[in-house]
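Single-structure report; data block below.
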Amino acid sequence: MMNAKPTHTFTNHDVAEHLRLIATLKEIKGEGRFHWLAFRNAADVIDNLPEDVNDIAAAGTLTDLPGVGKGVAEVIEQFLATGDSELAGKLRSQVPVTLVELTEVPGLGAKKVARLWRELGITTLAELKAAAEAHRIRELKGFGAKTEENILKGVALLEQRRHARTPLGVARPQALGLIQALREALPADAITAIEPAGSLRRWKETVGDLDILAITPDPAQVMAAFQQLPQVEEVLLGGETKTRVRLHGGLECD
DNA sequence: GCCT
DNA sequence: CAGTACG
DNA sequence: AGGCCGTTACTG
């Protein structure tokens, strides 16, 4: 029996996030509501699904799900197989992905983000902040001093969320979970030793990020496995001997 | 886009 | 009042 | 083919 378990294992949440990415990109691009609404609806469905979407896909019964038709099903299948989709790729070539995080600023939706991009060339959080500070935002029709102020507040909020320290009580379990997940994802002899490091190891009351130290004969293998853990939201830096990622929830981990 |  | 964000 | 959440709240 061929028991090869897939090297990428994507969770329902991963799929949902990909669908949301597509929806947001489409929305920013300016496509009609229904075009992107469908993807956002499908994302919610997948996110709340009790069953594993991998199983459903394997059974070829994706389109039985409410809100999932031919188009969405195709995207899901591609994503589960490759971690990406043609549609998302095409969208990324037309709209800067960095615009998505601008959408997370309270008070900014796709419409406004699209205008900031097209009319002021703003694509990143840093550019947004700079433009607001320079009072360039209020020049746009429909934007005012108030909006500008709110944007500054919002950006500060996001930056703080990113730099916020995390209580040991939540950080440590996460780190232990990562370690266990890593062990389970690799053969027993792949990791000689692995343990929390940094402030985590020193039992500080709060930690700025997670540090995990591993001794291994094959660093590349461990780095690869680490990046593919379901807890990982985004790989910030993927080196041969060190990897930095951002976990779901914003916590970063080396 | 999905659904009726 | 119209447009936009949000629950 | 045709519809596709709807109210509340804020900004300009």
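Proteins come first, then strands; the chains are lettered A, B, ... in the order of their sequence lines, and each starts at number 1. None of these values were measured; they are calculated from a predicted model.
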For a 4.5 angstrom cut-off between non-hydrogen side-chain atoms, does A:Lys146 reach A:Glu149? no
In whole Å, measure the gap between the P atoms of D:dC4 and C:dG7 for me. 24 Å
Contact list for residues 22-31 of chain A, test side-chain hydrogen bond (donor to acceptor under 3.5 Å, both in side chains), sequence neighbours left out: A:Thr24-A:Arg40, A:Lys26-A:Glu31, A:Glu27-A:Arg40, A:Lys29-A:Glu31
Side-chain donor-acceptor pair under 3.5 Å between A:Asp14 and A:Thr11, yes or no? yes
Looking at A:Thr216 and A:Ala190, would you say the former's side chain and the latter's main chain have a donor-acceptor pair under 3.5 Å? yes
Base partner of D:dT7, which must satisfy Watson-Crick or wobble distances under 3.5 Å: none
Is the backbone of A:Ala43 close enough, under 3.5 Å, to the side chain of A:Asp47 for a donor and an acceptor to pair up by distance? no
Would you check if the side chain of A:Arg201 reaches a backbone N or O of A:Glu195 as a donor-acceptor pair within less than 3.5 Å? no
Going by heavy atoms in the side chains, are A:Glu86 and A:Lys90 under 4.5 Å from each other? no
Step through the shown structure and confirm whether more than 12 heavy atoms of other residues, nucleotides or ligands are within 6.0 Å of CD on A:Gln94. yes
Are A:Arg244 and A:Asp209 side-chain neighbours, meaning at least one heavy-atom pair lies under 4.5 Å? yes
Mind running a 4.0 Å heavy-atom check of residues 124-151 of chain A against DNA chain D and sending the residues that fall below it, in number order? A:Gly142, A:Phe143, A:Gly144, A:Ala145, A:Lys146, A:Thr147, A:Asn150
Side chain to side chain, A:Leu87 and A:Phe39, heavy atoms closer than 4.5 Å: yes
Can you tell whether the side chains of A:Arg136 and A:Glu139 come within less than 4.0 Å, N to carboxylate O? no
Bounded by its outermost nucleotides with an atom under 4.0 Å from a heavy atom of chain A, the footprint on DNA chain D reads D:dC4 to D:dG12
So, using salt bridge (Lys or Arg N to Asp or Glu O under 4.0 Å) as the criterion, who are the partners of A:Glu159 when residues are at least two apart? A:Lys129
Contact list (N/O, under 3.5 angstrom) for nucleotides 4-7 of chain C vs protein:
from: C:dA5; atom 1: OP1; to: A:Gly109; atom 2: N; distance (Å): 2.7
from: C:dA5; atom 1: OP1; to: A:Gly109; atom 2: O; distance (Å): 3.4
from: C:dA5; atom 1: OP1; to: A:Lys112; atom 2: N; distance (Å): 3.4
from: C:dC6; atom 1: OP1; to: A:Gly107; atom 2: N; distance (Å): 2.8

Using the P atom on both, measure D:dG6 against B:dG1 and round to a whole Å. 24 Å
N/O to N/O distances under 3.5 Å, protein versus nucleotides 2-4 of chain B:
from: B:dC2; atom 1: OP1; to: A:Gly69; atom 2: N; distance (Å): 2.8
from: B:dC2; atom 1: OP1; to: A:Gly69; atom 2: O; distance (Å): 3.2
from: B:dC2; atom 1: OP1; to: A:Lys70; atom 2: N; distance (Å): 3.1
from: B:dC2; atom 1: OP1; to: A:Gly71; atom 2: N; distance (Å): 3.1
from: B:dC2; atom 1: OP1; to: A:Val72; atom 2: N; distance (Å): 3.2
from: B:dC3; atom 1: OP1; to: A:Leu65; atom 2: O; distance (Å): 3.4
from: B:dC3; atom 1: OP1; to: A:Gly67; atom 2: N; distance (Å): 3.1

Side chains of A:Val105 and A:Leu125: does their closest heavy-atom pair fall under 4.5 Å? yes
